[in-house]
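Before any comments, here is the structure.
By convention in this document, chain letters (A, B, ...) are assigned in the order of the sequence lines, proteins followed by strands, and residues within each chain are numbered from 1.
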Amino acid sequence: MLDPQLLRNDLDAVTRNLARRGYQLDKQAFADLEQQRKALQVTTQELQAKRNRLSRAIGQAKANGEDIEPLLAEVSRLGEQLKQAESELHELQGRMNDLAMGIPNLLADDVPDGRDEDDNVEVTRWGEPRTFDFEPKDHVDLGENAGLDFATAARITGSRFVVMSGDLARLHRALAQFMLDLHTGEHGYTEMNVPFLVNDDSLRGTGNLPKFGEDLFRLEGDFGYSLIPTAEVPVTNIVRESILDADDLPLKMVAHTPCFRSEAGSYGRDTRGMIRQHQFEKVELVQIVQPEHSLAAHETLTGHAETVLQKLGLPYRKVILCAGDTGFSSRKTYDLEVWLPGQNAYREISSCSNFGDFQARRMKARWRHPDRKKPELVHTLNGSGLALGRTLVAVMENYQNADGSIDVPAVLQPYMGGKAIINSAT
RNA sequence: GGAGAGGUGGCUGAGUGGUCGAAAGCACCGGUCUUGAAAACCGGCGACGGUUUACCCCGUCCCAGGGUUCGAAUCCCUGCCUCUCCGCCA
């Protein structure tokens, strides 16, 4: 949510910034609502003040044994009027809140202009895509008889699921272990294990609701819960409705969770293989920081995700998302795109965002500045470190041999019982 | 699933219809004292919103949402959560 003061006092600047995303804020409608709100709130509060005064007078008169009938008569006339004003105000505030909850975050100044992913700007590139002396396969072909089974998953559940088995299942697990150990051991994150089902307040807090409900899997029945689309939701909401001390910050948390996405609206995209699944796993980095540190934290957090790729020896590039491609809640986002020989392209494997105070305001997540009295909003950030399914794909495709076997990257071998190669015919 | 108890400020915890936004303690902040610190003493100390240059003032908030009443932390209803006992269960 944006700062309501900013919406009132600098509506033009807000509108201009949002327009960069292609979001059109109806300035006039908002200004009209705001004017109504102001008038209605003032009269309502005046009525309330009068009611309170008279009620106190009744209490005193009663205590003194005086006649309270005249006072009762006066206050009874207020009742209907007040009830009316209160419910109108309530309704109006609800409408304004709904409107505010649907407005995306303001973009950081250095976010480049652009409409969609084609306008994202490359920042850096790491590693050289390997040149093969044979025609490299993609992970689907490589996994065909080696432990990636899409047909069985389709029978068990449906499309966009996979069954992994044997060494590939273990490699997938090894990746998770490796990433968790790296982030906890070298990057200073605390490992968290969190619920995979969340309530609507949490989803509103991170910005998945009210606008993106169709992307979620929602439970039927009495529980109004949804499957998490990312660990960002439960982990960030750890600080919802709390006031943190300055020395609690920064909070750096890492969690390995499954992620569930309906992928509504992406029918026909990436239908082959493991790139876009309804269920995948991810190691997620989340930071809760003091506002003045979020810019720097965004860079280091992205660096932590990059370190995973570097240690795995996977070529990648880092891009900054353009205005039109930056997510609803984000001020600024870097994507890491890993090289996939099977697609002959760089594909997203991590997304690292700075949300500023946008999520914090929705969550009422605050901290106390040691020199200032009032609680202030924290800043939140997160990034994939990394998406496991896609990392498995990247390892398979980048480390494949002509005979279809796959070398195990050195850093993963300890997690594979020392195995240096899998899917070997011999 | 059954029975019972309870959810009050950063924390503990009093408060069962009328100046209660709420006693007290802890924590925290300022001051006195001290070479310094501690202790002691004095004072301050909730959040959000409206109005305002500011002070003031006003409103809302005692889990959430409804209701009763001139007036609700206090009474009623619904939901959520916590604890205890029993049952069941990985």
Nearest-Å distance, [atom1] ([X]) to [atom2] ([N])?
{"X": "K50(A)", "N": "G71(B)", "atom1": "NZ", "atom2": "P", "value": "15 Å"}
{"X": "E46(A)", "N": "U60(B)", "atom1": "CD", "atom2": "P", "value": "13 Å"}
{"X": "L377(A)", "N": "C48(B)", "atom1": "CG", "atom2": "P", "value": "9 Å"}
{"X": "R368(A)", "N": "C45(B)", "atom1": "CZ", "atom2": "C1'", "value": "10 Å"}

Table please: side-chain donor-acceptor pairs of residues 88-102 of chain A below 3.5 Å, with sequence neighbours left out.
residue: E88(A); atom: OE2; partner: Q84(A); partner atom: NE2; Å: 2.8
residue: E91(A); atom: OE2; partner: R95(A); partner atom: NE; Å: 3.4

Check every strand shown and say whether [X] touches a base, only sugar-phosphate, or nothing at a heavy-atom separation below 4.0 Å.
{"X": "L72(A)", "answer": "base"}
{"X": "K38(A)", "answer": "sugar-phosphate"}
{"X": "E86(A)", "answer": "nothing"}
{"X": "R366(A)", "answer": "sugar-phosphate"}

Is any side-chain nitrogen or oxygen of [X] closer than 4.0 Å to OP1 or OP2 of [N]?
{"X": "R51(A)", "N": "U60(B)", "value": "yes"}
{"X": "N52(A)", "N": "G59(B)", "value": "yes"}
{"X": "H90(A)", "N": "G59(B)", "value": "no"}

Side chain S262(A), main chain E214(A), donor-acceptor under 3.5 Å =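 Looks like yes, one N/O pair under 3.5 Å.
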Indicate yes or no for a side-chain donor-acceptor contact from D138(A) to the backbone of D141(A) under 3.5 Å, with no hydrogens or angles considered.
->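 Checked: pair present.
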Partner nucleotide, any strand, of [N] [Watson-Crick/G-U, under 3.5 Å]:
{"N": "C83(B)", "result": "G4(B)"}
{"N": "A22(B)", "result": "none"}
{"N": "C57(B)", "result": "G50(B)"}
{"N": "C28(B)", "result": "G44(B)"}

Anything under 30° is parallel, anything over 60° is perpendicular, the rest tilted; go ahead and classify H187(A) against Y189(A).
->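 Taking Y189(A) first and then H187(A), their aromatic rings stand perpendicular (interplane angle over 60°).
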Would you call the rings of F328(A) and F212(A) parallel, tilted or perpendicular, where under 30° means parallel and over 60° means perpendicular?
->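 It falls in the perpendicular class, over 60°.
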Using the closest heavy atom to pick a nucleotide of RNA chain B for each, name whichever of L54(A) or G59(A) lands nearer the 5' end.
->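 Here G59(A) is the residue nearer the 5' end.
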Does Y225(A) or K83(A) map to a spot on RNA chain B nearer the 5' end, using the closest nucleotide for each?
->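 The residue mapped nearer the 5' terminus is K83(A).
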Out of [options], which has the shortest distance to the side chain of [X]?
{"X": "I58(A)", "options": "G18(B), G49(B), G59(B)", "answer": "G18(B)"}
{"X": "Q45(A)", "options": "G49(B), C70(B), A47(B)", "answer": "G49(B)"}
{"X": "Q41(A)", "options": "U60(B), G49(B), C48(B)", "answer": "G49(B)"}
{"X": "Q60(A)", "options": "U19(B), G59(B), G49(B)", "answer": "U19(B)"}

U12(B) versus G66(B) - spacing of their C1' atoms, nearest Å |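 Their C1' atoms lie roughly 31 Å apart.
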Looking only at atom C1', what distance separates C88(B) and C45(B), rounded to whole Å?
->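 My reading of the C1' atoms in C88(B) and C45(B) gives 50 Å.
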